[in-house]
Amino acid sequence: MEVLYSSTRGGGSRVKASEAILKGLADDGGLFVPDHIPALDKSLEELAGMDYRQVAYEVMKLFLTDFTEEELKDCIARAYDSKFDTGEIAPLAEAGGAYYLELFHGATIAFKDMALSILPHLMTTSARKNQIKNEIVILTATSGDTGKAALAGFADVEGTRIIVFYPKNGVSPIQEKQMVTQKGSNTLVVGIHGNFDDAQTGVKKLFSDRELAAGLDRKGFQFSSANSINIGRLVPQICYYVYAYAALLREGKAAPGEKINVVVPTGNFGNILAAFYGKNMGLPIGRLICASNENRVLYDFFRTGSYDRNREFVLTSSPSMDILISSNLERLIYRIAGNDGDRNRELMTALTTRGKYEITGEMKAALSDFYGAYADEKETAAEIRRLYESCGYVIDTHTAVASAVCQKYRKETGDQTKTVIASTASPFKFTRSVMNAIDAKYDSMGDFELVDELSRLANVAVPPAIEEIRTAPVLHQKQCEVEEMKDVVLDFLA
């Protein structure tokens with residue numbers, strides 16, 4: 001059955017998957033959502049006998065219904081290849097009473113690789129399917145990981161250019177070095193003087209600028225997005241939750257139909273929304289546990305039903321979660337509002353104008369699948385130390401937020417259901433924070449000394465993504481104010 005996509009704000013007509021991927025954002029500023037969530041058409045036992053690529057096809061074919069089998073399998077084969085340092089693509093590691101779904105074995109050692117390895121291929125295939133002659137300009141805001149993963153995916157891809165904006169003082173040293181050393185004649189990296197929300201709002205503003213779009217079209221360009229607001233990012237993320245459950249079955253760690261809980265460190269809400277979509281496809285997931293850091297806007301939302309971004313923005317050791325406007329939450333709000341575009345638009349307008357909105361009691365009741373909690377900086381560091389000292393397993397700061405929240409959830413509820421924790425980044429990406437959590441004595445070491453010491457402690461080889469930036473030259477030094485973002489884009493395209 002064909003799946004079509006429409007805007008969360010009710011404007012425009014329904015479009016095919018390839019059109020939604022190309023546009024990224026709907027014309028009215030809304031996000032594309034499927035007209036229904038398809039059910040898995042293979043049994044969980046059948047999926048347990050498949051490798052990652054096969055599972056990915058079985059999930060994506062249900063959402064991307066205007067892609068042929070050949071097109072989709074070609075995109076999958078190009079994406080999930082030797083750039084991943086483990087043949088399993090997304091292995092499960094059992095440690096400290098939970099299963100850590102390691103999503104960081106790709107080219108940039110963060111979970112964004114799972115979707116951004118395939119998005120360029122989905123996008124170029126979509127362009128061919130829709131006879132697009134314009135050059136596609138990928139416009140992306142990043143809190144640290146999306147930027148590098150998108151740059152790596154789109155670098156030197158014919159018919160595309162990519163511009164990444166990041167908060168100049170809001171990412172880790174390793175994250176920044178990864179981005180500013182990016183090769184590719186079609187790439188531009190820009191540090192903005194502001195936080196991630198400023199960058200994300202600026203990018204959304206550019207997308208909604210009709211005059212700018214018309215001018216670019218005349219010059220042979222059109223915008224698209226590599227952020228998780230693009231449905232071509234969201235759909236591939238569903239695959240790894242299906243694969244994780246299939247792996248538990250295959251390894252005899254779960255019985256067919258046995259429910260599991262899923263914990264996700266959450267910033268922009270796309271990763272946990274993918275798990276929610278998986279549950280609605282028939283995956284036996286019990287609770288969806290939304291883990292926040294000290295920017296606890298989502299925790300407060302799930303507790304009170306009020307979303308309020310009017311608060312201090314906190315820079316933490318888990319910078320990819322330092323977000324006060326969780327864009328993908330809009331897709332969930334639209335759903336619990338009964339797929340009412342007008343109602344959703346009112347709420348999103350309130351967020352833009354007043355910085356907050358409140359959902360009804362009926363809508364809040366529809367969030368019963370979710371549980372929200374947060375971990376502060378001390379709790380995050382303590383969880384890294386606890387796992388390392390108890391079993392030698394080293395996790396990054398974002399995964400530690402999720403792991404700490406998992407412990408809180410179990411203590412508060414008594415629920416001991418088997419749990420999969422989304423491990424969203426390699427500890428090598430946040431070496432200083434990770435090593436300081438293990439022992440404060442490491443703080444005197446240099447960044448790459450810490451990398452080598454972490455490798456020794458964790459008994460894990462230094463990832464190629466880190467090795468290659470040790471001596472890589474800085475190729476991108478541009479900075480700008482938020483209000484200058486449009487001029488930066490126009491200069492690059494000129």
Side-chain angles (χ1 to χ4, degrees), residues 52 55 84-106 109-114 145 237 239-254 258-267 271-272 274-275 278 283 285-291 293 317-318 320-321 373 375 379-410 415-431 433-434 437-438 454-455 457-461 463:
Y52 191 87
V55 170
F84 286 82
D85 63 17
T86 168
E88 203 175 348
I89 308 297
L92 274 174
E94 188 173 358
Y99 296 93
Y100 292 81
L101 178 60
E102 294 184 346
L103 301 172
F104 53 75
H105 289 280
I109 58 174
F111 84 100
K112 310 293 175 75
D113 288 325
M114 300 299 296
D145 288 336
Q237 291 180 276
C239 303
Y240 47 71
Y241 292 109
V242 177
Y243 179 78
Y245 191 89
L248 288 173
L249 286 188
R250 182 172 62 250
E251 295 167 14
K253 305 285 177 60
E258 180 182 356
K259 283 193 174 181
I260 63 168
N261 290 335
V262 173
V263 189
V264 186
T266 308
N271 203 357
I272 195 165
L283 208 55
I285 293 175
R287 300 302 297 276
L288 294 152
I289 301 168
C290 178
N293 65 14
S317 61
S318 48
S320 296
M321 299 163 66
E379 291 168 326
T380 300
E383 185 64 8
I384 292 172
R385 190 165 53 253
R386 179 190 76 85
L387 261 188
Y388 172 69
E389 291 177 349
S390 65
C391 58
Y393 189 62
V394 182
I395 55 176
D396 90 293
T397 46
H398 302 74
T399 308
V401 169
S403 192
V405 163
C406 178
Q407 299 300 314
K408 284 186 175 184
Y409 170 79
R410 286 174 168 173
D415 182 0
Q416 297 299 313
T417 299
K418 285 171 186 165
T419 300
V420 169
I421 296 173
S423 186
T424 54
S426 165
F428 286 95
K429 203 149 193 171
F430 304 93
T431 46
S433 296
V434 169
I438 291 172
L454 173 57
S455 175
L457 280 184
N459 197 26
V460 174

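Worth saying up front: this structure is predicted, and the values here are computed from it rather than measured.
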Can you check side chain to side chain contact (heavy atoms under 4.5 Å, CB included) on Met114 and Ile89, steps first, answer last? CA-CA 9 Å; Met114 300 299 296; Ile89 308 297; 3.7 Å; yes
Shortest non-hydrogen contact between [X] and [Y], atoms and distance:
{"X": "Ala437", "Y": "Ala381", "result": "CB-O, 3.6 Å"}
{"X": "Leu288", "Y": "Ala275", "result": "CD2-CB, 3.6 Å"}
{"X": "Ala402", "Y": "Ala291", "result": "CA-CB, 3.7 Å"}
{"X": "Ala110", "Y": "Lys429", "result": "CB-NZ, 3.8 Å"}
{"X": "Ala244", "Y": "Leu92", "result": "O-CD1, 3.6 Å"}
{"X": "Ile421", "Y": "Ser403", "result": "CD1-CA, 3.9 Å"}

Check the pair Tyr241, Asn271 against side chain to side chain contact (heavy atoms under 4.5 Å, CB included), reporting the backbone distance first and the verdict last. CA-CA 10 Å; Tyr241 292 109; Asn271 203 357; 2.7 Å; yes
Are the side chains of [Y] and [X] in contact, using a 4.5 Å heavy-atom criterion?
{"X": "Tyr52", "Y": "Phe84", "result": "no"}
{"X": "Ile395", "Y": "Ile384", "result": "yes"}
{"X": "Val263", "Y": "Tyr409", "result": "no"}
{"X": "Val420", "Y": "Leu248", "result": "yes"}
{"X": "Thr424", "Y": "Ser320", "result": "no"}
{"X": "Arg250", "Y": "Tyr243", "result": "yes"}

Separation of [Y] [atom2] from [X] [atom1] (nearest 0.5 Å):
{"X": "His105", "Y": "Ser423", "atom1": "NE2", "atom2": "OG", "answer": "8.0 Å"}
{"X": "Tyr240", "Y": "Leu101", "atom1": "OH", "atom2": "CG", "answer": "8.0 Å"}
{"X": "Thr86", "Y": "Phe104", "atom1": "OG1", "atom2": "CZ", "answer": "10.0 Å"}
{"X": "Asp415", "Y": "Ile289", "atom1": "CG", "atom2": "CD1", "answer": "7.0 Å"}
{"X": "Phe111", "Y": "Asp145", "atom1": "CZ", "atom2": "CG", "answer": "7.0 Å"}

Can you run down the salt bridge (charged side-chain N to carboxylate O under 4.0 Å, His left out) pairs that involve residues 382-404, sequence neighbours left out, and say none if there aren't any? Glu383-Arg386
Would you tell me whether Ser318 and Thr397 have side-chain atoms, one donor and one acceptor, within less than 3.5 Å of each other? no
With sequence neighbours left out, write down each residue that passes side chain to side chain contact (heavy atoms under 4.5 Å, CB included) with Glu251, or none if nothing qualifies. Glu88, Ala247, Lys253
Evaluate side chain to side chain contact (heavy atoms under 4.5 Å, CB included) for Tyr99 paired with Ile260, printing each intermediate quantity in order. CA-CA 10 Å; Tyr99 296 93; Ile260 63 168; over 6 Å; no
Of all residues at least two apart in sequence or in a different chain, which pass the ring pair (Phe, Tyr, Trp, His ring centres under 6.0 Å) check with Tyr388? none
Kindly determine whether Asn293 and Thr380 satisfy side chain to side chain contact (heavy atoms under 4.5 Å, CB included), including the steps that lead there. CA-CA 8 Å; Asn293 65 14; Thr380 300; 5.8 Å; no
Quick check against the 3.5 Å criterion: does Asn261 have a side-chain atom that pairs as donor or acceptor with the backbone of Arg287? yes
